[in-house]
K.L.:
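One structure, pasted below without further comment.
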Amino acid sequence: MAENSELESVVIVGAGQAAIQLAHSLRAKKFDGAITIIGAESYPAYQRPPLSKGFLKGDLPEERLFLKPATYYENKDIELIMGVTVSEIDRQQKKVLCSNGEAYTFDKLIIATGSRPRMLPELEGIKNVAVMRDIEDAKSLKAKLPDIKRLVLVGGGYIGLEAAAVVRQMDIEVTVLERMPKLLARVTGDEIADYFLKLHQENGVDIRLNSEVAEFVTDGQRIAAVKLNDGEAIPADMIMLGIGVLPNQELASAAGLECNNGIVVDEDALTSDPDIYAIGDCSMRPLEGQTGKIRLESVPNAIDQAEIVANNLIGLDRPAFDPPWFWSDQYKTKIQTVGLFPGFTDTIVRGDRDGGKFAVFYFEGDQFIAVDAINDPQSFMASKQILKMDLGLTKSMVMDENVSMMDILKTLKSA
């Protein structure tokens, strides 16, 4: 039995990356109590990032999306319940009530319900409106693409731009409408935003910045065009929304748990109930080096919080801090980001911007806080270690391009 000898049953609500990582980590750490995973989808846990990239393009078959083979759950004695939603958390009786009429009791409950795409109310039920969040979204869009000539994408974030890159390579006309004055406004600085603007324009994508949608022009149960504030109507065979996501916090909120743009948790991912945790996209968590709390939407964050909870459940120390990191693939470009850039005061560009291999280093005063690396894995890997170990990278070090980032890392580690 695990070090926490009183822990006999763990129930995980949600069956995505965070949930499966937690179950896997518990078994790897020799927890031999009951583990039950309850997922609303009819699929076992799968990778979401490839949905808007390799899977949509047809390069990645469906079976390669799944995080674990079907035999894994039986071999590890993990009860996986698919196609069932949890309708209520009974905190007093320590059980969850489900849509299949069953109730599952727990010693500890972990909420890993993820997030969902924002949907505009006026587009509910419209047949040619797509979002990209789960495998059914991707399969639906993939099936419709052969009949689409013109796609209008509302929102200029990473998921939408990834889909735009794939669709454009299928010789479909793509227009991106972004209400902000630049792409990726929430997640990166001007240098990277300008790079991706140019990249997509060179590949034939029509990018409209500072564009407000005034009206969706309908033709029966379909959108025929998107009308902008300046009066221009852009014809569309398909509309795709990429306007952000909402945390699936309703179940937690109804149970009386503290929520604020996510389920509020502490450093150990504990909610306001000492027997209930929340991990992944649905959680609002503290992060080392940041004031307040933040909600991160990424695979590394899901894995990180799963490891934190696994250790906490069986009485081990919290894992060492790992700085948040992200990635995106568009055309032949890979961007890798580590750290969080809000609050930056200075940027330093290192590498060949025109050649498409460079990195943007973000500083807040004299403190290094983040990097965006374009086709530059060395800068990403070195920066990840520098931030993790708080090694004190300086601006002058970054500006000296005669010294590689890996050599800079070695120098800092030996200092």
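Please read all numbers here as calculations on a predicted model, not as lab measurements. Note that the numbering runs from 1 along the sequence shown for the chain.
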K.L.:
Report, as yes or no, whether the 6.0 Å neighbourhood of atom NZ on Lys410 holds more than 12 heavy atoms from other residues, nucleotides or ligands.
P.N.:
no

K.L.:
For Lys144, look at atom NZ and say whether over 12 heavy atoms of other residues, nucleotides or ligands are found less than 6.0 Å away.
P.N.:
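Counting other residues, nucleotides and ligands, NZ of Lys144 exceeds 12 neighbours.
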
K.L.:
Side chains of Tyr277 and Asp268 only: does a donor on one sit below 3.5 Å from an acceptor on the other?
P.N.:
no

K.L.:
Count the heavy atoms of every other residue, nucleotide or ligand shown that sit under 6.0 Å from NZ of Lys94, and state whether that count exceeds 12.
P.N.:
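Buried by this count: over 12 neighbours within 6.0 Å.
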
K.L.:
Say whether Glu258 and Ser272, considering side chains only, have a donor N or O and an acceptor N or O under 3.5 Å apart.
P.N.:
no

K.L.:
Going by an N to O cut-off under 4.0 Å, is there a salt bridge joining Arg285 and Asp304?
P.N.:
yes

K.L.:
Hey, does Leu391 have a side-chain heavy atom less than 4.5 Å from the side chain of Gln385?
P.N.:
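No, side chains not in contact.
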
K.L.:
Is the backbone of Phe326 close enough, under 3.5 Å, to the side chain of Thr337 for a donor and an acceptor to pair up by distance?
P.N.:
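No, the answer is negative, given that no donor and acceptor are paired below the 3.5 Å cut-off.
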
K.L.:
If we count only N and O atoms by modelled type, under 3.5 Å, do the side chains of Ser298 and Asn301 hold a donor and an acceptor together?
P.N.:
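Short answer, no.
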
K.L.:
Taking Leu199's backbone N and O only, do any of them form a donor-acceptor pair with Asn203's side chain (distance below 3.5 Å, no angle check)?
P.N.:
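Checking the backbone N and O of Leu199 against the side chain of Asn203, a donor-acceptor pair under 3.5 Å is found.
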
K.L.:
Rounded to the nearest 0.5 Å, what separation is found between the CD1 atom of Ile38 and the SG atom of Cys98?
P.N.:
4.0 Å

K.L.:
I need the full list of ring pair (Phe, Tyr, Trp, His ring centres under 6.0 Å) pairs touching residues 378-402, with sequence neighbours left out, sorted by first then second residue.
P.N.:
Trp325-Phe380

K.L.:
With no hydrogens and no angle check, is any side-chain donor or acceptor of Ser211 less than 3.5 Å from a backbone partner on Leu209?
P.N.:
yes

K.L.:
Taking Gly280's backbone N and O only, do any of them form a donor-acceptor pair with Ser283's side chain (distance below 3.5 Å, no angle check)?
P.N.:
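Yes, Ser283 side chain to Gly280 backbone: donor-acceptor pair under 3.5 Å.
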
K.L.:
Which donor-acceptor pairs under 3.5 Å do side chains of residues 55-62 form with protein atoms, sequence neighbours excluded?
P.N.:
residue, atom, partner, partner atom, Å
Lys57, NZ, Gln169, OE1, 3.4
Glu62, OE1, Lys139, NZ, 3.3

K.L.:
Without hydrogens or angle criteria, can the side chains of Glu41 and Tyr46 be said to hold a donor-acceptor pair below 3.5 Å?
P.N.:
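Their side chains do contain a donor-acceptor pair, which is all the 3.5 Å distance test asks for.
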
K.L.:
Would Val86 and Val11 count as a side chain to side chain contact (heavy atoms under 4.5 Å, CB included) if you check the C-alpha gap in whole Å, the side-chain angles of each, and the deciding distance to 0.1 Å?
P.N.:
CA-CA 11 Å; Val86 173; Val11 172; over 6 Å; no

K.L.:
Check this for me: Arg150, atom CZ, are more than 12 non-hydrogen atoms of other residues, nucleotides or ligands nearer than 6.0 Å?
P.N.:
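Check passes, neighbour count above 12.
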
K.L.:
Check the side chains of Tyr43 and Asp134 for a donor-acceptor pair under 3.5 angstrom, ignoring hydrogens and angles.
P.N.:
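No, because no side-chain N or O of Asp134 sits under 3.5 Å from a partner of the opposite role on Tyr43.
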
K.L.:
Just wondering, more than 12 heavy atoms not from Asp352 lying within 6.0 Å of its CG?
P.N.:
yes

K.L.:
Checking Tyr362 side chain against Gly189 main chain: does a donor-acceptor pair fall under 3.5 Å?
P.N.:
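Yes, the answer is positive, given that a donor and an acceptor are paired below the 3.5 Å cut-off.
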
K.L.:
For the pair Lys357 and Asp376, find out whether any cationic side-chain nitrogen is under 4.0 Å from an anionic carboxylate oxygen.
P.N.:
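Looking at Lys357 and Asp376, the cut-off is not met.
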
K.L.:
Taking salt bridge (Lys or Arg N to Asp or Glu O under 4.0 Å) as the definition, give me every residue that meets it alongside Arg208, ordered by chain and number, with sequence neighbours left out.
P.N.:
Asp206, Glu232

K.L.:
Treating Lys334 as the side-chain partner and Asp329 as the backbone partner, does any N or O pair qualify as donor plus acceptor under 3.5 Å?
P.N.:
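Side chain of Lys334 to backbone of Asp329: no pair is present.
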
K.L.:
How far does OH of Tyr104 sit from CG of Asp90, to the nearest 0.5 angstrom?
P.N.:
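Tyr104 atom OH to Asp90 atom CG measures 15.5 Å (nearest 0.5 Å).
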
K.L.:
Applying side chain to side chain contact (heavy atoms under 4.5 Å, CB included), run through Leu387 and Phe321 and close with a yes or a no.
P.N.:
CA-CA 10 Å; Leu387 287 170; Phe321 168 72; over 6 Å; no

K.L.:
Just by distance, with hydrogens left out, do Arg116 and Asn248 show a side-chain donor and acceptor under 3.5 Å apart?
P.N.:
yes

K.L.:
For Arg295, is there an ion pair with Asp281 - N to carboxylate O distance below 4.0 angstrom?
P.N.:
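Looking at Arg295 together with Asp281, the answer is no, because their closest N to O distance does not fall below 4.0 Å.
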
K.L.:
Between Glu191 and Thr347, is any side-chain donor less than 3.5 angstrom from a side-chain acceptor?
P.N.:
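Indeed, the side chains of Glu191 and Thr347 share at least one donor-acceptor pair under 3.5 Å.
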
K.L.:
Charged N to carboxylate O below 4.0 Å: is that the case for Lys29 and Glu307?
P.N.:
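Salt bridge: yes.
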
K.L.:
Please check if atom CE in Met82 has more than 12 non-hydrogen atoms from other residues, nucleotides or ligands closer than 6.0 Å.
P.N.:
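Above 12, so yes.
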
K.L.:
Other residues, nucleotides and ligands only: do more than 12 of their heavy atoms fall within 6.0 Å of CG on Asp230?
P.N.:
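Atom CG in Asp230 is packed in, count exceeds 12.
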
K.L.:
Do side-chain atoms of Ser140 reach the backbone of Glu136 as a donor and acceptor pair under 3.5 angstrom?
P.N.:
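No, Ser140 side chain to Glu136 backbone: no donor-acceptor pair under 3.5 Å.
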
K.L.:
Cut-off 3.5 Å, side chains only: do Glu297 and Ser115 have a donor facing an acceptor?
P.N.:
no

K.L.:
Knowing that exactly one of Phe341, Phe368, Phe344 qualifies, which makes a ring pair (Phe, Tyr, Trp, His ring centres under 6.0 Å) with Phe363?
P.N.:
Phe368

K.L.:
Give a yes or no answer on whether the side chain of Arg350 reaches the backbone of Val398 with a donor-acceptor pair at less than 3.5 Å.
P.N.:
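Side chain of Arg350 to backbone of Val398, a donor-acceptor pair under 3.5 Å: yes, one is there.
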
K.L.:
State which residue, out of Asp273, Val96, Asp275, Val10, fulfils the side-chain contact (heavy atoms from CB on, under 4.5 Å) condition with Leu109.
P.N.:
Val96

K.L.:
For Gly262, does its backbone N or O pair with a side-chain atom of Gln249 as donor and acceptor, under 3.5 Å?
P.N.:
yes

K.L.:
Where do Phe358 and Tyr195 land on the ring-ring contact (aromatic ring centres under 6.0 Å, His included) test, with the steps shown first?
P.N.:
CA-CA 11 Å; Phe358 67 99; Tyr195 174 84; 5.4 Å; yes

